[in-house]
Amino acid sequence: MYYKRNNISDLHISIIKSAFFALLSALLLSFIMAIAKSIDDDISTIVLIFFRNFFSLLFIIFSIKKHHIKVKNIQYKKLHLLRIVISLGAMFCTYYTYRNLPVAFATALGMTGPLFTTVLSLIFFNYHVNKFTWISILVGYVGVICILNPGEISFSWSILTSILANILVACNMHITKLLSKHVNTSTIILYNSLAITFFTAILGIPFWQNINFKNLSLLFIISVLAFWKNYTTIQAIKYTYPAFVAPFEYSRLLFGIIIGWLCFQEIPTMYTIIGSVIIIISTYILTRYGKQQLSF
């Protein structure tokens, strides 16, 4: 009996840790996208991604040496390579979207991510996703639709890149889950950042230009936040699994609304406020009942 209770206690602790890291990851991403939006428009997105990963790489190497973190030799090369390619595509689509759309609107489009993540959990991991998780996702989408106010949406490439980014992020989460079972977090982050820095340095040659101190400073801040964002994302997935973590992405919408209002004077509409309340309800459903799906 004691052993059973201890298992239940460990399960609750894992849920709390996963939820904490998932919310922190969402907050960090919101700050990153807001800062990226503040960078001058004439700087290419691929150049932005290069500096974001270059500075992150320096920060990662410094942290590994300072804390004597062990980095394993390259194993599971195909999974690492697949994660690198998908990460690069997801970064490009995400940054492009946020630089060309209002923060709250771009974030709302990003809320299609949990659906892709949940479906992929069923396909790749055969997880049992209970009714409460599906309810939380569906309720969240009602909030997203309310915020988007479909009658006023006009087509743009940024909308398509947002959807593509969500699909790529969902794939990336599941690949990360597979890697995290065998490779430590620092190793995953190091190899990913190293490879993307190399590839974007080559791809960015035609778009290279002089960057002033202000933009370099913003890129440096983005890279530091991105390092911790990657770390918190991997930790969130490590303690549970992607289908549980995914609905916490809805919290980004609330963060995006607040940041857009404070930093860019983007006044939220009544649809945005109502939709945000609905999304809060969906997140509550997940945190209150989602633990029941962890019996896989």
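Computation of the quantities below employed the complete heavy-atom set of this structure, encompassing side-chain atoms and omitting hydrogens, waters and symmetry-equivalent molecules.
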Revision key, fill the gap. Heavy-atom closest pair (Ile84 atom, Ala195 atom, distance to 0.1 Å) is CD1-CB, 3.3 Å

Review point. Who pairs with Asn192 by side-chain hydrogen bond (donor to acceptor under 3.5 Å, both in side chains), at least two apart in sequence or on another chain?
Key: Arg83, Ser87

Review point. Got a sec, which residues hit side chain to side chain contact (heavy atoms under 4.5 Å, CB included) with Ser217, two or more places apart in sequence or on another chain?
Key: Phe213

Study note, to complete from the structure: Separation between OG1 (Thr94) and CG (Leu29), nearest 0.5 Å, reads 7.0 Å

Point to revise | Non-neighbouring partners of Ile258 that pass side chain to side chain contact (heavy atoms under 4.5 Å, CB included), sequence neighbours left out | key: Leu262

Review point. Do Tyr95 and Ile32 have side-chain heavy atoms sitting under 4.5 Å apart?
Key: yes

Check your understanding: Judged by atom type as modelled, is there a donor-acceptor pair below 3.5 Å linking the side chain of Asn172 to the main-chain atoms of Leu168?
Key -> no

Point to revise | Residues forming a side-chain hydrogen bond (donor to acceptor under 3.5 Å, both in side chains) with Asn212, sequence neighbours excluded | key: Asn215

Practice item. Identify the heavy atoms of Gly204 and Val47 that sit nearest to each other, and give their distance. Key: O-CG2, 4.2 Å

Exercise for review: Report the residues that fulfil ring pair (Phe, Tyr, Trp, His ring centres under 6.0 Å) with Phe220, sequence neighbours left out, ordered by chain and then residue number.
Suggested key: Phe55

Practice item. Mark yes when over 12 heavy atoms from residues, nucleotides or ligands other than Phe21 sit less than 6.0 Å from its CZ; otherwise mark no. Key: yes

Point to revise | salt bridge (Lys or Arg N to Asp or Glu O under 4.0 Å) contacts touching residues 211-234 (sequence neighbours left out) | key: Asp40-Lys214

**Study point:** Results of side chain to side chain contact (heavy atoms under 4.5 Å, CB included) for Phe198 - residues two or more places apart only
**Key:** Ile202

Check your understanding: Got a sec, which residues hit salt bridge (charged side-chain N to carboxylate O under 4.0 Å, His left out) with Lys17, two or more places apart in sequence or on another chain?
Key -> none

Exercise for review: State plainly whether one hydrophobic cluster holds both Val142 and Met270, where clusters connect Ile, Leu, Val, Met, Phe, Trp and Tyr through side-chain heavy atoms under 4.5 angstrom apart.
Suggested key: yes

Check your understanding: Closest heavy-atom contact between Ala165 and Cys93?
Key -> CB-CB, 3.6 Å

**Study point:** Backbone N/O of Phe207 and side chain of Ser44: donor-acceptor pair under 3.5 Å
**Key:** no

Point to revise | Closest non-hydrogen atom pair, Ile43 against Leu48 | key: CG2-N, 4.5 Å

Check your understanding: Less than 4.5 Å apart, any side-chain heavy atom of Met91 and any of Arg52?
Key -> yes

Revision key, fill the gap. Contacts of Thr97 meeting side chain to side chain contact (heavy atoms under 4.5 Å, CB included) (sequence neighbours excluded), chain-then-number -> Leu101, Ala106, Thr161, Ser162

**Study point:** Minimum side-chain heavy-atom gap Thr45-Ile49 below 4.5 Å
**Key:** yes

Study note, to complete from the structure: So OH of Tyr96 and CG of Leu164: to nearest 0.5 Å the spacing works out to 12.5 Å

Point to revise | Backbone of Leu190 reached by a side-chain donor or acceptor of Ser193 within 3.5 Å | key: no

Review point. Side chains of Ile35 and Leu225: closer than 4.5 Å at any heavy-atom pair?
Key: yes

Point to revise | Min side-chain heavy-atom separation Ile221-Phe31 under 4.5 Å | key: no

Exercise for review: Find out whether Ile86 and Leu82 are in side-chain contact, i.e. whether some heavy atom of one side chain is under 4.5 Å from a heavy atom of the other.
Suggested key: yes

**Study point:** Side-chain heavy-atom pair Ile278, Ile274 within 4.5 angstrom cut-off
**Key:** yes

Review point. For residues 24-39, which residue pairs qualify under side chain to side chain donor-acceptor pair (under 3.5 Å), counting only residues two or more places apart or in two chains?
Key: Ser25-Thr233

Exercise for review: Could I get the full list of ring pair (Phe, Tyr, Trp, His ring centres under 6.0 Å) partners for Phe92, not counting sequence neighbours?
Suggested key: none

Review point. Got a sec, which residues hit ring pair (Phe, Tyr, Trp, His ring centres under 6.0 Å) with Phe255, two or more places apart in sequence or on another chain?
Key: none

Exercise for review: Take Ile196 and Leu57 through the side chain to side chain contact (heavy atoms under 4.5 Å, CB included) test and state the conclusion after the steps.
Suggested key: CA-CA 10 Å; Ile196 292 179; Leu57 182 61; over 6 Å; no

